[in-house]
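Worksheet for the structure shown next.
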Amino acid sequence: VLIRPASSQESVLQPPCGPAGLPPAASQTVPLPFPMSHGTTTLAFLFQGGVLAAADTRSSCSGLVACPASQKIRPIHSHLVGTTSGTSADCALWKRILSRELRLYQLRHGRRLSTSGAGGGASADLGGTSGGLQKASPSSSGPGLWYVCSDGTRLRGSLFSVGSGSPYAYSILDQGVRWGLTVEEATSVAREAVYRAAHRDAWSGNCVDVYHVTSKGWTRRKREDLKEEYYREKGRQGR
Amino acid sequence: MALFQVSGLKSFAELREQILPARQTHLFDRTNHYNFGTKTQEFAVPLGVDPSGFLGTCSRDGGVSIDLNHGTTTLAFKFRHGVIVAVDSRASAGRYLASNDVNKVIEINPYLLGTMSGSAADCQYWERLLAKECRLYRLRSNHRISVAAASKLLCNMMLGYRGMGLSMGSMICGWDKEGPGLYYVDDRGTRLSGRMFSTGCGSSYAYGVVDSGYREDMAVEEAYELGRRGIAHATHRDAYSGGAVNMYHMQQDGWIKVCKDDVSELIHRYRKGMF
């Protein structure tokens, strides 16, 4: 899929058009050369203090933990953060392309593209990759959260969790997330959700990253090893 | 022996050969689950039928499609004051909701409970068979069967038909001389003793909630609330679970049915204050 330079005032990230302005028919799905392995837990939600995003740090390749300290939440610019799940290679590539396009937009138009525009651009670009992205940012209209998937799905919402560990995280988030949470409470809910998912899901684990995005930009919490949380809990239980 | 020949008694083996044709060792056409298939071929399947092959053809796209009922959430955990068992009550057949009011807990006897997940027909049949065997054990040996033995019986029934297309994930819960007992048994013959299990397609959602709130020294009311929350949050996210939470508490002097709460009301209560 080509990204054509802007020739008008419209959004730079427009999919190529076929006759009658309709997008061209999707190409045949290319068969994968070998079974892709991806597992992760990422989550993000909106609350009164902005947007909170959290993810584990395990990159797995079938049964091998390829990297126990990968970064699944990548900042795109000072006010936009994206989480990645699916194939690491695809996510890394498209994230960089998105950052580049957003920077070009900012330079040309003198203002940052909104989250929905960034989400739209990302979904147009993700032609044949696998994976899901969440984009979290407060824009001029307040905090925004979009879920973008490689098949073109683009959903706006207030709470998402993506990856093989997401069911375990969802129930914790459903229990604990409220609009009126303080930043500390929201952080602890997000950490707990990733910890529970990492505990039960084989492909999630190692450490947890938490990013908090406000109108002033994103801040990152120090990476925490979930092993310590496990032993702390075990000590509390006295097992 | 001399006495034997003088008295004219025939040995049992000779007598049996006269009554039954060669190689048939049962008088009745019934599988005996206590021998566990060691002495004779015990599969009650007619010769020439291949159940798993037949079931394979039933799920092919474009042909006849029989969707087995797989959707459910059940959970059980042991704690200081016994065992809590909580299940949802939805039965689905593919995309169709067959019923929102199914009882997925079978009350085997006042000290034993079994949960059902997977194929409803398989669960109901095999657990009723287990109930029958437990009753026969009680009558023959004059004491109640232990939870370990009951789960072993079910496990061996599953092993007898392994690979033939059964689908069952069950938890056998009870209180016997060893204290509270909880075993997970499934159609592949897995049998695990543990402190907490959850089965069904909504189980991952339940695991998150129960892991988070579990403490071995919980009060009874807290444990009830944890069981209710586990099922309620699982039914909220899983399309194939829903209906009501049926909850049982296994105590030392038997089980009690705690509640049957509608899941939509519970979720409404829990998610108050959310956007």
*Using a cut-off of under 4.5 Å on heavy-atom pairs, state which of B/S212, B/A234, B/A232 scores highest against chain A.*
B/S212
*Do other residues, nucleotides or ligands put more than 12 heavy atoms under 6.0 Å from B/R188 CZ?*
no
*Return the minimal non-hydrogen interatomic distance between B/V209 and A/S171, and the atom names on each side.*
CG2-CB, 3.2 Å
*A/E233 and B/D211: which non-hydrogen atoms are nearest, and at how many Å?*
OE2-O, 4.2 Å
*Considering residues, nucleotides and ligands other than B/K260, do more than 12 of their heavy atoms fall under 6.0 Å from its NZ?*
yes
*Provide the closest heavy-atom pair for B/Y270 versus A/R178 in the form atom of the first, atom of the second, distance.*
O-NH2, 2.9 Å
*Structural part of B/R215 lying under 4.5 Å from a heavy atom of chain A*: both
